[in-house]
Every structure is written in C-alpha cells, then in structure tokens.
Amino acid sequence: MADIPKEERSSNNRTLLVVGLILVLLSINGILLYMQRQAKNEVAQKEQEVQTKNAELEDQIKKFTALKSDFERQSQELQGMGMTNDSLEARIAAVNADLLQLRAFRASSFSVADQKKFRARASSLESIIRKKDEEIVRLKADNQQLFGENNDLKTKQNEMTDSLTNLKSTRQALAQKVTLASRLATSMLKINIITTKGKEKEDDKAEYRAKRVEKIKITYALNRNDVLEQGTKTVYLRLIEPDGATLTQGGGTMSIDGQEQPFTASQEILFTNSNTPYTFVFSKGAPYKEGKHIVELYSGGFQIGTANFVLK
C-alpha cells in the first residue's frame with residue numbers, strides 16, 4: 001500500500017479531532033438538556049406536592065372550624081334547655097388548640113403522618129358530634145313532653161285555683177248573706193220623756209222643755225229572725241246631742257264595721273224571736289241641751305234602729 005503523504009495524514013487527524021469534539025459537545029449538551037428537564041420535573045413535582053399539602057391543610061382547617069361551630073351549637077342548644085355539659089366545653093377548647101396547631105403549619109412541613117393524624121381526629125370528632133346530636137334530639141323530645149305535661153299541670157292548677165277562688169267567693173258571699181240575715185232590726189222604736197216630777201210624756205211629736213227632762217225612755221221591739229240564734233244579746237245606746245257629740249258618760253266604745261265607736265249606755269236582753277218589747281231608760285244626771293237629739297241602737301256590730309226627739 002502506498003504511503004499517505006504526511007500533510008494529508010495531518011489533515012485527516014484534524015478532521016477526526018473536530019468530529020470527536022463535536023460529538024463530545026453534542027453529548028454534553030444532551031446530558032445538560034436531560035438534567036435540566038429532570039430538574040424542572042422535580043420542581044414541578046415538589047410544587048404539586050406543596051399545593052396538595054396546602055389544599056389538605058386548608059381543608060383540615062375548614063373541617064376543624066366546622067367541628068368547633070358544631071360543638072358550640074350543641075352547647076348553646078343544651079343551655080337553651082337549661083343544661084350544661086362540661087365535656088362539650090372541653091372539646092371546644094381542644095378543637096381550638098387543634099386549629100392553632102394547624103394554622104401554625106406550613107404546607108411544606110405538613111407531613112403525611114400529620115395529615116393522617118388530623119384526618120383520624122376529625123373523623124372521631126364527627127362521630128362524637130353525630131351521637132351528641134342524637135342525644136340532643138332525644139332531650140328536646142323529652143323536654144317537649146315535660147313542657148306539655150307541665151302546661152297540663154299548670155292548667156289544672158289554675159282551674160283548681162279558680163274553683164277554690166270561686167268557692168271562697170261563694171262562701172264569702174254566703175257568709176255575708178248569713179251575716180246580713182242574722183242582723184237584729186227594730187220593728188218599733190219609741191221615745192218617751194220622763195219629767196223631773198216623774199211624769200211620762202207619750203206624745204212623740206211634742207217638743208219638751210229641756211230643763212224639765214230627767215230621763216229618756218226608749219221602748220223598742222225586734223223583728224223576727226229565724227237565722228239568728230236565740231239567747232242573750234247586747235244592745236248599745238248612742239245618744240247624739242244637738243252639737244253632734246255622742247253623750248258618753250258611763251258608756252264606752254263598741255266595734256262598728258271594724259272601727260271603735262263611742263256609745264252612751266248598754267243593756268243585756270234575752271232575744272226570744274217573739275217580738276217582745278224592751279225598755280231602755282237613760283238618765284243623764286245633768287241638764288239636757290236644747291235642740292234635736294238622735295237616738296241610735298246597735299247590736300252585733302250593726303245599727304238596728306234610730307229615732308229622734310226635740311227639746312226646747
């Protein structure tokens with residue numbers, strides 16, 4: 001084989017070197033492109049993981065916020081029924097602590113283990129809320145039944161109170177009727193004057209001289225009264241002088257309509273329900289005043305008769 005000239009061999013070597021360099025550069029460029037693509041894929045994957053973790057974290061925060069609201073709602077419902085539950089208050093405090101922990105997480109640090117832990121805890125709390133809601137429904141039904149029974153009892157109590165009030169009113173009205181029916185009342189009331197000479201003046205229409213009057217004689221009879229028990233009764237005399245003052249010498253006070261009133265004299269009579277006349281003789285022991293005098297008789301706390309006479 002003929003020898004290749006030296007210059008030609010040198011040219012060929014350079015060509016081969018250039019081609020080798022080109023191939024090396026192309027290989028390096030391919031490797032760099034591959035590595036760049038791999039890096040982009042890793043970044044994209046990490047970004048996707050961060051987004052997924054962030055979405056999971058936000059979802060857990062929303063879920064625990066909703067759990068807190070449910071526990072607070074249950075607490076308010078129990079308070080509305082007049083009940084308290086310390087375990088609910090403790091769970092609300094625990095959920096608040098969970099929320100603080102979740103909000104302190106960064107998406108990059110929210111590990112799979114953390115995610116599993118909070119998912120399991122949320123599931124457990126949801127189960128507790130469902131059971132508590134069922135319990136509250138039963139309590140509301142029981143309260144509603146008790147409320148209805150209580151209303152029935154109140155209605156019956158009010159009816160009994162009304163009945164007792166009506167009975168009391170009826171008894172009071174009856175007692176008042178009996179009291180009114182048992183009053184004494186005069187069927188006749190006559191006033192005579194006994195003079196200083198011992199003479200009795202029987203003319204009711206006459207006007208007598210005051211200086212000649214020594215005694216006043218009151219004759220009265222009582223109406224029949226089958227309601228009033230027969231027996232001894234006290235009759236009070238009130239002699240009202242012309243100036244309106246009650247003559248009280250030798251008298252005292254009596255109860256009229258619940259108030260103490262003065263009387264002039266009193267006597268005991270035997271009430272026999274027979275229209276028997278009774279006599280009341282009163283001596284003033286001093287000169288009588290001129291003018292109109294009023295005589296009133298009382299018994300049992302009520303006025304039973306009245307009349308008047310005039311002295312000049």
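For the pair R238 and F263, the cation-pi criterion (under 6.0 Å, within 45° of the ring axis) is not fulfilled.
Legend: residues meeting salt bridge (Lys or Arg N to Asp or Glu O under 4.0 Å) with E56, ordered by chain and number and at least two apart, are R119. For K68, the side-chain hydrogen bond (donor to acceptor under 3.5 Å, both in side chains) partners are N96, not counting sequence neighbours. Not a single salt bridge (Lys or Arg N to Asp or Glu O under 4.0 Å) links K211 to another residue, sequence neighbours left out. Residues satisfying the salt bridge (Lys or Arg N to Asp or Glu O under 4.0 Å) test with D226, not counting sequence neighbours, are R224. Annotation: side-chain hydrogen bond (donor to acceptor under 3.5 Å, both in side chains) contacts of K289 (sequence neighbours excluded): D243.
No more than 12 heavy-atom neighbours from other residues, nucleotides or ligands sit within 6.0 angstrom of CD on E229. Open room surrounds CZ on R212; 12 or fewer heavy atoms of other groups in view lie less than 6.0 Å from it. For NZ of K215, the number of neighbouring non-hydrogen atoms (other residues, nucleotides, ligands) closer than 6.0 Å is 12 at most.
E89 and S75 form a side-chain donor-acceptor contact under 3.5 Å, judged by distance and modelled atom types alone. For the residue pair N223 and T186, no side-chain donor N or O sits within less than 3.5 Å of a side-chain acceptor on the partner.
The aromatic ring centroids of Y298 and Y236 lie 6.0 Å or more from each other. You'll find the ring centres of Y288 and Y208 outside the 6.0 Å limit.
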Listed pairs under 3.5 Å, donor-acceptor, residues 133-140 side chains, sequence neighbours left out:
{"residue": "D133", "atom": "OD1", "partner": "R73", "partner atom": "NH1", "Å": "3.1"}
{"residue": "D133", "atom": "OD1", "partner": "R73", "partner atom": "NH2", "Å": "3.2"}
{"residue": "D133", "atom": "OD1", "partner": "Q74", "partner atom": "NE2", "Å": "2.9"}
{"residue": "D133", "atom": "OD2", "partner": "R73", "partner atom": "NH2", "Å": "3.2"}
{"residue": "E135", "atom": "OE1", "partner": "K132", "partner atom": "NZ", "Å": "3.2"}

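Of the charged side-chain nitrogens involved, at least one lies within less than 4.0 Å of a carboxylate oxygen, so that E200 and K217 count as a salt-bridged pair.
Aromatic ring orientation, H293 versus F309: parallel (interplanar angle below 30°, classes split at 30° and 60°).
Hydrophobic clustering (ILVMFWY, side-chain heavy atoms < 4.5 Å, transitive): M83 and I129 are in one cluster.
Among the candidates T279, V235, I191, the single residue satisfying the side-chain contact (heavy atoms from CB on, under 4.5 Å) test with Y220 is V235.
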